Student: 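One structure, as structure tokens, below. Some questions next.
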Amino acid sequence: MSERVNKQKKSPAPEETAPERGKTGAATPVAKAKAEAALPALGPLGMLRWAWTQLTSMRTALFLLLLLAVAAVPGSLFPQRPANPSIVTQYIADHPDYGKILDSLQLYDVYSSAWFSAIYILLFISLIGCVVPRAIAHYRAMRSQPPRTPARLSRLPEYGTLVIPADAGIPASAAIADAAAKLKKRGYRVDVRDDDGARPSLGAERGFLREVGNLVFHTSLIGVLVSVAAGGLFGYSGQRILVEGDTFVNTLVGYDQFTPGSNFQSSQLQPYSIQLDKFQITFDRESKGKFGQPIDFKADVTTRDTPDAPAEKQVLKVNDPVSLGGTSIYLTGNGYAPVVTIRDGDGNVAMEGPVVAKLQGDNYYSSVVIKVPDAKPDQLGFAGFFLPTAFVTEEGVSFSGDPELINPQLTLNSYFGDLGLDAGSPQNVFELDVKKLTPLNARNLDAGGITLAPGSTYTLPDGKGSISFDGVKRYIGVDIHHNPGQLYALIFALLAVAGLVTSLYVNRRRVWVRTGTHEDGRTMVEYGLLARGEDHRLAAEAAAIRGLLTDEWDLDSQNAPSGQMDNGPAGSVPAGGVPTDSGKAGSGKNEAATDTPTEDFIQSTAGSPESKKDQ
């Protein structure tokens, strides 16, 4: 039938071969009808159906996934306002020609921009539109019977025949039952057809997990998208520096920097507390190449889930966060905090406590900035550096020779004037703008710089006050994250990987077996295999099934498979997979029995009534 169909396809239709215009140039009726034909109007409803079909196609989903990845690129090229608004403001000021244009295109708020959200939502809808119909179709396929037995099994990619001797006493119905049992044990879903007829057959199918894996993979992608969206909408993150002895309470005012989600509410913050009791660092003291490098960090903390809850001792380490109130607290940084006391010109204590020193170089070389807006009669400012173990070169330059507190030293320059804090403008606590300040102490001034050791005090010039170096404490930097979709995103990601692996390694296969009885009493068996998609292991599966059937019927080695016999075109070899001169293998059958070719028997069954029933 397929050959006739192909011939019909190759034969041109009469309308196509007829000239559309006669010799005189007059239009033929066919050409006239084509000219007058008009396509029906699609209409609004038809346009919506067409748009929905295009949106829910797998090609569109893949395109949107790629487009989402491309749309995320500007987020790494330009500073993002949620991460650091001051950097965005400075970037716009440094690039006045196109800075505001980029801002109007929402390139400083990529992940919350309208165009990024549109791609995200379209991808979400597209994946749902792809998965739901496929899941329904796959459910119906799993409940349906295997496909009907083809009329010509020899046309299948893997085809073979077997011959059961007449004296084996295995009729066609018993042979098809044995084949069904073997295929069921191999994991196939089997349907036997016409088992009481002269030409019984069966259809078997397996590999439904392949499509299940595909559906799990795409469904998990939807789950990942939902989880990430939930984290962006309802999550938050913040940073806080804790000096030994300090306590952090999970409130908005307790954060040094806070980044809320789009739908964040302050009521989400559970008022837990965490206090830094002690921070310890272990430095390498044995390796020559990495001598003095930190190798372990350990922060002993005291936590309370609620203000009335009992205190609990915990240990915070790198990559080992503490979980409190639905948040994860990570150890991200550390350093030294010199403890100073500053008195103003009136002798009053204007500032007292630790000052966080920002790491700048090797061996914990750190910069120090101190702002004293409460000093009288003039505000005071200090800028310099802190050295845990101070060494001085012959040129008088100090440097840190070791990260441990062996010979701590605080070196500062002092200034007085308006610090600019009264105007309410935000400032970086680690930077001091000295443009509008008057210097008091510096190396290039007569008064020189300020160099302090623990326990020493320096009196500022002109009666501006004094500064005392009381000691050194350690501090840590912590990142606090709350992401309600984080766990679900991980689960869906693992499911996506599992579904993808399943879809790659499970093959959808179909097997058909047909049996019949020859005139000489032998039972003839033919089988064929077909895979859905590419399956390089289909030949091995055919060999395995043949081996199972051969062992079941105790057939000898002369019925072993052969690439020429099993997979050749129908009629190229005698049925049974044995040449006509192999009658000796028929378990005692004589030459006369095997001289009758079985090829005509199997070929003649293609149009038999039993075969038509299978169709």
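Atom set for the values below is all heavy atoms of this structure, side chains included, hydrogens, waters and symmetry mates excluded. Being a predicted model, the structure only gives us computed values, none of them experimental. Numbers here simply count residues along the sequence, with the first being 1.
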Student: Keeping the roles fixed (side chain from Trp115, backbone from Leu105), state whether a donor-acceptor pair exists under 3.5 Å.
Tutor: yes
Student: Got Leu225 and Leu123 here, is their nearest side-chain heavy-atom distance under 4.5 Å?
Tutor: yes
Student: Would you confirm whether Asp479, through its side chain, and Gln239, through its main-chain N or O, come within 3.5 Å as a donor-acceptor pair?
Tutor: no
Student: Are Gln106 and Ser113 linked by a side-chain donor-acceptor pair shorter than 3.5 Å?
Tutor: no
Student: Side-chain contact test, heavy atoms from C-beta onward, threshold under 4.5 Å: evaluate it for Lys313 versus Thr303 and give yes or no.
Tutor: no
Student: Distance from Asn348 atom CG to Asp374 atom CG, nearest 0.5 Å?
Tutor: 11.0 Å
Student: Can you tell me if Arg210 uses its side chain to pair, donor with acceptor, with the backbone of Ser503 under 3.5 Å?
Tutor: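 Between the backbone of Ser503 and the side chain of Arg210 there is a qualifying donor-acceptor contact (under 3.5 Å).
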Student: Listing request: all salt bridge (Lys or Arg N to Asp or Glu O under 4.0 Å) pairs with a residue in residues 121-135, at least two apart in sequence or in separate chains.
Tutor: Arg134-Glu211
Student: Just to verify, what does Phe116 make a ring-ring contact (aromatic ring centres under 6.0 Å, His included) with, not counting sequence neighbours?
Tutor: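 Residues passing ring-ring contact (aromatic ring centres under 6.0 Å, His included) with Phe116: Tyr111.
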Student: How would you list all residue pairs meeting salt bridge (Lys or Arg N to Asp or Glu O under 4.0 Å) that involve residues 63-87, not counting sequence neighbours?
Tutor: Arg81-Asp103, Arg81-Asp109
Student: Return a table of donor-acceptor pairs under 3.5 angstrom between the side chains of residues 442-454 and protein atoms on other chains or two or more places apart.
Tutor:
none

Student: Check whether any side-chain N or O of Thr306 sits under 3.5 Å from a backbone N or O of Ala309 as a donor-acceptor pair, and report yes or no.
Tutor: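 Side chain of Thr306 to backbone of Ala309, a donor-acceptor pair under 3.5 Å: yes, one is there.
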Student: Has Gln80 got a side-chain atom pairing as donor or acceptor with Val110's backbone, closer than 3.5 angstrom?
Tutor: yes
Student: For His482, which residues count as a ring-ring contact (aromatic ring centres under 6.0 Å, His included) partner, sequence neighbours excluded?
Tutor: Tyr236
Student: With Tyr98, which residues qualify under ring-ring contact (aromatic ring centres under 6.0 Å, His included), at least two apart?
Tutor: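 If we apply the ring-ring contact (aromatic ring centres under 6.0 Å, His included) test to Tyr98, skipping adjacent residues, the hits are His95.
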Student: Between Ser266 and Gln268, does any side-chain donor sit less than 3.5 Å from a side-chain acceptor?
Tutor: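 The answer is no; no qualifying pair exists.
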Student: Which residue pairs pass the salt bridge (Lys or Arg N to Asp or Glu O under 4.0 Å) test when at least one of the two sits in residues 375-386, sequence neighbours left out?
Tutor: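 Counting only pairs at least two positions apart or across chains, the salt bridge (Lys or Arg N to Asp or Glu O under 4.0 Å) contacts touching residues 375-386 are Asp378-Lys464.
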Student: Report yes or no: does Thr302 contribute a side-chain atom to a donor-acceptor pair with the main-chain N or O of Glu312 at less than 3.5 Å?
Tutor: no
Student: Phe248: what forms a ring-ring contact (aromatic ring centres under 6.0 Å, His included) with it, not counting sequence neighbours?
Tutor: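 Result, ring-ring contact (aromatic ring centres under 6.0 Å, His included) vs Phe248: Tyr255.
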Student: So for atom CZ, which belongs to Phe291, do other residues, nucleotides or ligands contribute more than 12 heavy atoms lying within a distance under 6.0 Å?
Tutor: yes
Student: Does the separation of the ring centres of Phe382 and Tyr458 fall below 6.0 angstrom?
Tutor: no
Student: With sequence neighbours left out, what residues match Ile121 under side chain to side chain contact (heavy atoms under 4.5 Å, CB included)?
Tutor: Ile125
Student: Check for a donor-acceptor pair, side chain of Thr56 on one end and backbone N or O of Ser126 on the other, with a separation under 3.5 Å.
Tutor: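 Answer holds: no.
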Student: Under 3.5 Å, sequence neighbours excluded: what are the donor-acceptor pairs made by side chains of residues 360-370?
Tutor:
| from | atom 1 | to | atom 2 | distance (Å) |
| --- | --- | --- | --- | --- |
| Gln360 | NE2 | Ser367 | OG | 2.9 |
| Asn363 | ND2 | Ser400 | O | 3.2 |
| Tyr364 | OH | Asn334 | OD1 | 2.7 |
| Ser366 | OG | Tyr364 | O | 2.9 |

Student: Begin from the C-alpha positions of Tyr336 and Tyr475 and carry the test ring-ring contact (aromatic ring centres under 6.0 Å, His included) through to its verdict.
Tutor: CA-CA 6 Å; Tyr336 291 104; Tyr475 73 85; 8.3 Å; no
Student: Quick one: side chains of residues 57-77, donor-acceptor pairs under 3.5 Å with protein atoms, not counting sequence neighbours, listed by atom name and distance.
Tutor:
| from | atom 1 | to | atom 2 | distance (Å) |
| --- | --- | --- | --- | --- |
| Ser57 | OG | Gln54 | O | 2.9 |
| Ser57 | OG | Thr60 | N | 3.3 |
| Ser57 | OG | Thr60 | OG1 | 2.8 |
| Thr60 | OG1 | Gln54 | O | 2.5 |
| Ser76 | OG | Val73 | O | 2.8 |

Student: Return each pair, listed once, that meets side-chain hydrogen bond (donor to acceptor under 3.5 Å, both in side chains) where at least one residue sits in residues 317-329; pairs must be two or more places apart or across chains.
Tutor: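 Checked against side-chain hydrogen bond (donor to acceptor under 3.5 Å, both in side chains) - neighbours excluded - the pairs reaching residues 317-329 are Tyr272-Thr327.
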Student: How about Tyr488: does its OH atom have over 12 heavy atoms from other parts shown lying under 6.0 Å from it?
Tutor: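 No, OH of Tyr488 has 12 or fewer neighbouring heavy atoms, counting only those of other groups under 6.0 Å.
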